[in-house]
Amino acid sequence: MFAAERRQLILEMVRANGAVSLRELARVVQTSEVTVRRDVRALEAEGLLDRRHGGAVLPGGFTRESGFPQKSHLATAEKTAIADLAASLVEEGEAIVVGAGTTTQELARRLARVPGLTVVTNSLLVAQALAHANRVEVVMTGGTLRGSNYALVGSGAEQSLQGLRVSRAFLSGSGLTAERGLSTSNMLSASVDRALVQAAAEVVVLADHTKLGTDTMFQTVPTDVITRLVTDEPPGHDDRAATELQALADQGVQIAVAGSSGDSAGPAGRQPPRRDVPLPGPRRGQVPGGGPQLRSTAAVLGDQSQSERARVADMRRR
């Protein structure tokens, strides 16, 4: 395929999908990621698309939302690895909420094997994946069906989540940055996702590396509300994705990185490959202008002992 043909096909894919990873572009045009990256740079110089971390998006700064058929064919290996790792976080007998998305659909397929699980969702695809799981109870929200992603949205969905409390929420989105957190391109979807977050004690975001550093119109989950990010290993050349991951970790988000493409959970009871990014400290108790402050248990107990000794000495003086 000539360079002009490759670039035309790349441009058509980006226009059809809104955002496409370099890995997926290389697979479709049957060439290396190095060549595709060169083509993307050339198209960006002409103002026809914008480069993002490990991929390309429509020009203009904010990506539009792709439909389900397009999303389901993007970054499939990465989504599989992320879903395998995220499923290992769920324990028997838990009650969780799972939002809409192709990555959460992959997660739901794996949750069918967790006994005693209760899953609350606004996604028809998540519910369908769990429909035949004998030991999993599925609770659907109300709402209006949004056909582009097979999700229930609107006031009916939000009202049905009022008063609900579960251990974890698993959410995906269109973009993730350390500055704004998780975001999506649709206002109704964002509103329901915020209601899902309110129902959960912890928030787990599932996002492949192509979404890191991408910002879209409507904020779903601020960074300081995200408990954990489950993502895949960014390509070695993608310094910006690595920088974004570090920025998220600096703000207290626990980062779990799934193994290389094609890794799976393996036999029952075996954990999928993962790499946890160490955290610099807890979210709270930061000194203004400085990093998070981490105090050991011994230091805290030492302070308490000194306080107790001072109190006893004061009593003796009296």
Side-chain angles (χ1 to χ4, degrees), residues 14-20 49-50 52-53 55-72 74-75 79 96-105 107-108 120-127 139-164 166 168-200 203-208 210-227 229 244 248 253:
V14 173
R15 285 173 175 170
N17 300 307
V20 187
L49 52 74
D50 289 342
R52 286 293 183 269
H53 305 322
V57 302
L58 290 173
F62 294 101
T63 60
R64 69 172 176 84
E65 185 179 36
S66 305
F68 173 77
Q70 292 81 23
K71 288 182 179 179
S72 63
L74 296 176
K79 290 174 183 176
I96 63 174
V97 294
V98 179
T102 53
T103 309
T104 52
Q105 180 189 25
L107 169 64
V120 181
T121 184
N122 69 318
S123 169
L124 298 186
L125 298 175
V126 168
V139 179
M140 294 287 299
T141 69
T144 302
L145 178 62
R146 184 166 180 263
S148 61
N149 63 346
Y150 301 95
L152 296 172
V153 297
S155 59
E158 296 170 38
Q159 290 173 9
S160 66
L161 293 166
Q162 292 180 3
L164 180 71
V166 298
R168 292 187 181 94
F170 290 87
L171 298 175
S172 186
S174 303
L176 177 65
T177 66
E179 181 179 358
R180 287 186 73 217
L182 188 67
S183 62
T184 186
S185 303
N186 182 265
M187 181 173 62
L188 294 175
S189 295
S191 186
V192 174
D193 282 352
R194 284 193 289 268
L196 291 172
V197 168
Q198 290 295 321
V203 178
V204 181
V205 170
L206 313 182
D208 64 76
T210 63
K211 297 179 181 178
L212 296 176
T214 299
D215 200 2
T216 52
M217 290 183 67
F218 300 100
Q219 184 190 57
T220 301
V221 190
T223 306
D224 61 357
V225 177
I226 300 173
T227 308
L229 166 65
E244 198 72 45
L248 288 163
V253 178

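Keep in mind that this is a model prediction, so the values were computed, not measured.
- Between Leu171 and Thr104 there is no side-chain heavy-atom pair separated by less than 4.5 Å.
- Nearest heavy-atom pair across Ser172 and Asp193 is O-OD2, 4.1 Å.
- The closest donor-acceptor contact from the side chain of Thr103 to the backbone of Leu206 lies at 3.5 Å or more, if one exists at all.
- Judged by distance alone, the side chain of Thr220 and the main-chain N or O of Ala190 form no donor-acceptor pair under 3.5 Å.
- Here Arg168 pairs with Glu94, Glu202 under the salt bridge (charged side-chain N to carboxylate O under 4.0 Å, His left out) rule; sequence neighbours left out.
- When the options Val197, Val221, Leu229, Thr216 are evaluated for a side-chain contact (heavy atoms from CB on, under 4.5 Å) with Leu182, the one that passes is Val221.
- For the residue pair Lys211/Ser174, the side-chain donor-acceptor check at 3.5 Å is not satisfied.
- The distance from the OG1 atom of Thr121 to the CE atom of Met140 is 6.0 Å, given to the nearest 0.5 Å.
- Residues satisfying the side-chain contact (heavy atoms from CB on, under 4.5 Å) criterion with Ala100, sequence neighbours excluded, are Asn122, Ser123, Asn149, Ala151.
- The backbone N or O of Ala157 lies less than 3.5 Å from no partner atom in the side chain of Thr141, so there is not a single donor-acceptor pair.
- Atom CD of Glu158 and atom CZ of Arg194 lie 8.0 Å apart (nearest 0.5 Å).
- Within the 4.5 Å cutoff, the side chain of Val205 has no heavy atoms near those of the Thr227 side chain.
- The distance from the OG1 atom of Thr177 to the CG atom of Asp215 is 4.5 Å, given to the nearest 0.5 Å.
- Taking 4.5 Å as the limit, every side-chain heavy atom of Arg180 sits out of range of all side-chain heavy atoms of Pro222.
- Between Val97 and Ala169 the shortest heavy-atom distance is CG2-CB, 3.2 Å.
- Looking only at distances, no side-chain donor or acceptor of Ser191 sits under 3.5 Å from a matching main-chain atom of Leu188.
- Here the closest non-hydrogen pair linking Gly99 and Leu196 is CA-CD1, 3.8 Å.
- Shown here for Gly142 and Ser160, the closest heavy-atom pair between the two residues is N-OG, 3.4 Å.
- Side-chain contact of Thr184 with Asn186: a donor-acceptor pair under 3.5 Å is absent, judged by distance alone.
- You'll find the side chain of Leu152 stays beyond 4.5 Å of the side chain of Arg146, heavy atoms only.
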Report task. Starting from the C-alpha separation in whole Å, work towards a yes-or-no answer on side-chain contact (heavy atoms from CB on, under 4.5 Å) for Glu179 and Thr223. Result -> CA-CA 7 Å; Glu179 181 179 358; Thr223 306; over 6 Å; no
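- At a threshold of 4.5 Å between non-hydrogen side-chain atoms, the residues Leu164 and Val166 count as touching.
- Between the side chain of Glu244 and the backbone N or O of Ala178, at least one donor-acceptor pair lies under 3.5 Å.
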